[in-house]
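Each ligand, and each atom within it, is numbered from 1 in the order the structure gives.
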Amino acid sequence: MTKTIFVTGGSRGIGEAIVRLAAGAYNVAFTYFRSEGRAQALQRELGAGVLGISCDVRSCSSVQEAVDRAKARFGRIDVLVNNAGISHSGLLIDMTAEQWRDVMAINLDGAFYATKAVLPGMLSQGGGAIVNISSVWGLQGASCEAAYSASKAGLIGLTKALAKEVAPMGVTVNAIAPGAVDTDMMRDYTADEVSALISDRIPLGRLATPTEVARAALFLAEHSYITGATLSVDGGM
Ligand code: NDP
């Protein structure tokens with residue numbers, strides 16, 4: 001039986017790399033929000049086993065509808081990757097309550113909504129895997145990224161707690177803490193800032209490719225005896 005993977009934020013960056021790597025081996029349902037054209041092109045390129053679904057992860061009902069559409073197409077969901085996320089740079093004292101809420105809503109609430117939507121199926125199937133894309137900043141904290149760091153630390157807490165809760169039912173829950181990955185999210189930094197980050201902080205001397213993070217996500221999704229873990233994919237950062 002071909003397993004089904006559900007990836008939030010699969011239209012670009014790390015999510016797109018997970019979609020590409022999983023296609024063929026899995027049925028793939030992925031969500032997109034603003035990048036409709038890219039998502040449709042990706043779906044066309046990868047063929048019938050891949051389904052792009054419009055979804056705003058800030059909305060519980062939008063996420064539930066997306067999961068329902070994936071199940072209607074593929075029958076069940078075996079793997080969930082909570083990947084959709086945004087960053088926000090700036091001093092905490094300058095941050096508005098709305099900006100704080102948006103970071104939390106996308107990065108943390110969205111993961112809760114998707115997890116809540118897929119878990120009943122996984123529990124009744126007697127197995128499944130959830131992979132949460134956290135961040136090195138969720139472990140270390142980053143100056144001028146307090147909300148982002150808090151949301152990503154929250155994902156690690158969710159991972160550890162839920163792993164214990166659902167392990168008896170055969171569901172694994174793990175997190176990945178990527179370092180700096182070459183995606184649109186890095187465009188917040190100038191070229192000089194990226195060079196300084198690499199030379200000062202990354203022993204392997206370069207950014208990660210999205211595919212390198214995608215490989216780690218599928219590794220965790222397929223591993224039967226790792227749960228509650230946070231895997232750093234950060235070049236030694
Ligand atoms: P990108 O900015 O390249 O892509 C972000 C993805 O999230 C897009 O697919 C976007 O969809 C989706 N998204 C944004 N807002 C929403 C929303 N409201 N509802 C649904 N989907 C939404 O980011 P990356 O690929 O770099 O990041 C992916 C994950 O990895 C994030 O959680 C990020 O925090 C994490 N990460 C990234 C690092 C990096 O250096 N790049 C480092 C550590 C962690 P659309 O375009 O369709 O709107």
Side-chain angles (χ1 to χ4, degrees), residues 6-21 28-43 52-67 80-89 98-99 101-114 117 131-142 145 147-156 158-159 175-189 193-194 197-198 201-202 204 206-214 216-217 230-235 237:
F6 185 98
V7 183
T8 65
S11 48
R12 292 185 288 123
I14 294 168
E16 178 186 348
I18 296 169
V19 170
R20 288 183 180 281
L21 202 62
V28 183
F30 72 93
T31 73
Y32 59 90
F33 182 45
R34 293 199 172 84
S35 306
E36 185 176 4
R38 276 190 75 139
Q40 286 175 350
L42 185 64
Q43 177 179 306
I53 306 168
S54 169
C55 169
D56 181 353
V57 298
R58 292 172 295 191
S59 156
C60 190
S61 60
S62 177
V63 173
Q64 183 65 57
E65 280 165 28
V67 167
L80 165 66
V81 183
N82 283 311
N83 165 78
I86 59 165
S87 58
H88 177 92
S89 295
E98 289 71 29
Q99 288 168 331
R101 187 85 290 284
D102 214 36
V103 172
M104 292 298 162
I106 295 173
N107 294 4
L108 192 52
D109 300 359
F112 162 63
Y113 298 148
V131 179
N132 295 319
I133 308 297
S134 177
S135 164
V136 64
W137 301 141
L139 292 165
Q140 299 181 7
E145 297 200 44
Y148 182 80
S149 301
S151 70
K152 294 299 183 178
L155 272 181
I156 291 171
L158 170 68
T159 300
I176 295 177
V181 189
D182 191 9
T183 70
D184 294 340
M185 196 172 271
M186 286 302 294
R187 314 293 173 247
D188 289 350
Y189 299 91
E193 286 170 339
V194 172
L197 177 72
I198 291 171
R201 300 289 306 274
I202 307 179
L204 280 179
R206 62 174 177 83
L207 303 180
T209 67
T211 304
E212 287 172 319
V213 180
T230 300
L231 177 61
S232 292
V233 182
D234 62 4
M237 201 162 166

Closest non-hydrogen protein atom to atom 5 (C) of ligand 1, residue and atom name please, with distance? Gly85 O, 3.7 Å

Ligand 1 atoms in contact with Ser11 (distance to a heavy atom under 4.0 Å): 8 (C), 9 (O), 11 (O), 45 (P), 46 (O), 47 (O)

Cys55 neighbourhood, listing ligand 1 atoms whose heavy-atom distance to it stays under 4.0 Å: 19 (N), 20 (C)

Any donor-acceptor pair under 3.5 Å linking the side chain of Asp234 with the backbone of Pro178? no

What do the steps show when you test Lys152 against Glu145 for salt bridge (Lys or Arg N to Asp or Glu O under 4.0 Å), and what is the final call? CA-CA 11 Å; Lys152 294 299 183 178; Glu145 297 200 44; over 6 Å; no

Looking only at protein heavy atoms, which one is nearest to atom 46 (O) of ligand 1, and how far off is it? Ser35 OG, 2.5 Å

Apply side-chain contact (heavy atoms from CB on, under 4.5 Å) to the pair Val67 and Phe6, showing each step before the final yes or no. CA-CA 8 Å; Val67 167; Phe6 185 98; 3.8 Å; yes

Does any N or O in the side chain of Ser134 come within less than 3.5 Å of the main-chain N or O of Leu155, such that one atom is a donor and the other an acceptor? no

Looking only at heavy atoms, is any part of Ser134 under 4.0 Å from ligand 1, and if so is it the side chain, the backbone, or both, or is it neither? backbone

List every atom of ligand 1 that sits less than 4.0 Å from any heavy atom of Ala180, numbering the atoms from 1 in the order shown and giving each element. 40 (O)

Just by distance, with hydrogens left out, do Thr211 and Thr209 show a side-chain donor and acceptor under 3.5 Å apart? no

Taking only non-hydrogen atoms of Ala208, do any sit less than 4.0 angstrom from ligand 1? no

Atom 19 (N) of ligand 1 - nearest protein heavy atom and its distance: Val57 N, 3.0 Å

Of all the heavy atoms in Glu36, does at least one lie under 4.0 Å from an atom in ligand 1? no

Which residue holds the protein heavy atom closest to atom 10 (C) of ligand 1, what is that atom called, and what is the gap in Å? Arg12 NH2, 3.7 Å

Candidate pair Asp102 and Arg58, rule salt bridge (Lys or Arg N to Asp or Glu O under 4.0 Å), full reasoning: CA-CA 8 Å; Asp102 214 36; Arg58 292 172 295 191; 2.9 Å; yes

Protein residue, atom and distance nearest to atom 23 (O) of ligand 1, heavy-atom basis: Met185 CE, 3.7 Å

I'd like to check Ser54 versus Phe33 (side-chain heavy atoms, cut-off strictly below 4.5 Å). Are they in contact? no

Taking the side chain from Asn107 and the backbone from Ile86, do they hold a donor-acceptor pair closer than 3.5 Å? yes

Nearest protein heavy atom to atom 25 (O) of ligand 1, by residue and atom, and its distance? Ile14 N, 2.8 Å

May I ask you to decide if Ala177's main-chain N or O and Ser135's side chain share a donor-acceptor pair within less than 3.5 Å? no

Distance filter under 4.0 Å to Ile133 heavy atoms, resulting ligand 1 atoms: 29 (C), 30 (O), 32 (O), 35 (C)

At a 4.0 Å cut-off, with the gap strictly under it, does some heavy atom of Asn83 reach an atom of ligand 1? yes

Quick one: does Ser151's side chain have a donor or acceptor within less than 3.5 Å of a partner on Met104's backbone? no

Considering non-hydrogen atoms of the protein only, which is the closest contact for atom 40 (O) of ligand 1, and what is the distance? Val181 N, 2.8 Å

Less than 4.0 Å is my threshold; does some heavy atom of Gly179 fall inside it relative to ligand 1? yes

For Phe33, is at least one N or O under 3.5 Å away from an N or O on ligand 1? yes

Okay, side chain of Gln43, backbone of Gly52: is any donor-acceptor separation there less than 3.5 Å? yes

Is a side-chain donor or acceptor of Thr183 paired with a backbone partner of Met185 at a separation under 3.5 angstrom? yes

A student checking ligand 1 against Ala84 at a 4.0 Å heavy-atom cut-off should list atoms 7 (O), 21 (N), 22 (C), 32 (O)

Compute the minimum heavy-atom distance from Tyr148 to ligand 1 and say whether it is under 4.0 Å. yes

Does Asn82 offer a backbone N or O that forms a donor-acceptor pair with the side chain of Asn132 under 3.5 Å? no

Rounded distance (nearest 0.5 Å) linking atom OG of Ser35 with atom CD of Gln40: 11.0 Å

Could you tell me if any non-hydrogen atom of Thr31 lies under 4.0 Å from any atom of ligand 1? no

Met186 contact mode with ligand 1 (heavy-atom cut-off under 4.0 Å): side chain

Asp56 heavy atoms within 4.0 Å reach ligand 1 at atoms 17 (C), 18 (N), 19 (N)

Looking only at protein heavy atoms, which one is nearest to atom 12 (C) of ligand 1, and what is the separation? Gly9 CA, 3.8 Å

If you look only at pairs with a residue in residues 30-42, which of them pass as a salt bridge (charged side-chain N to carboxylate O under 4.0 Å, His left out), with sequence neighbours excluded? Glu16-Arg38

I'd like to check which ligand 1 atoms, numbered from 1 as shown, lie under 4.0 Å from a non-hydrogen atom of Thr183. 3 (O), 24 (P), 25 (O), 26 (O), 41 (N)

Contacting atoms of ligand 1, where contact means under 4.0 angstrom from a heavy atom of Tyr32: 47 (O)

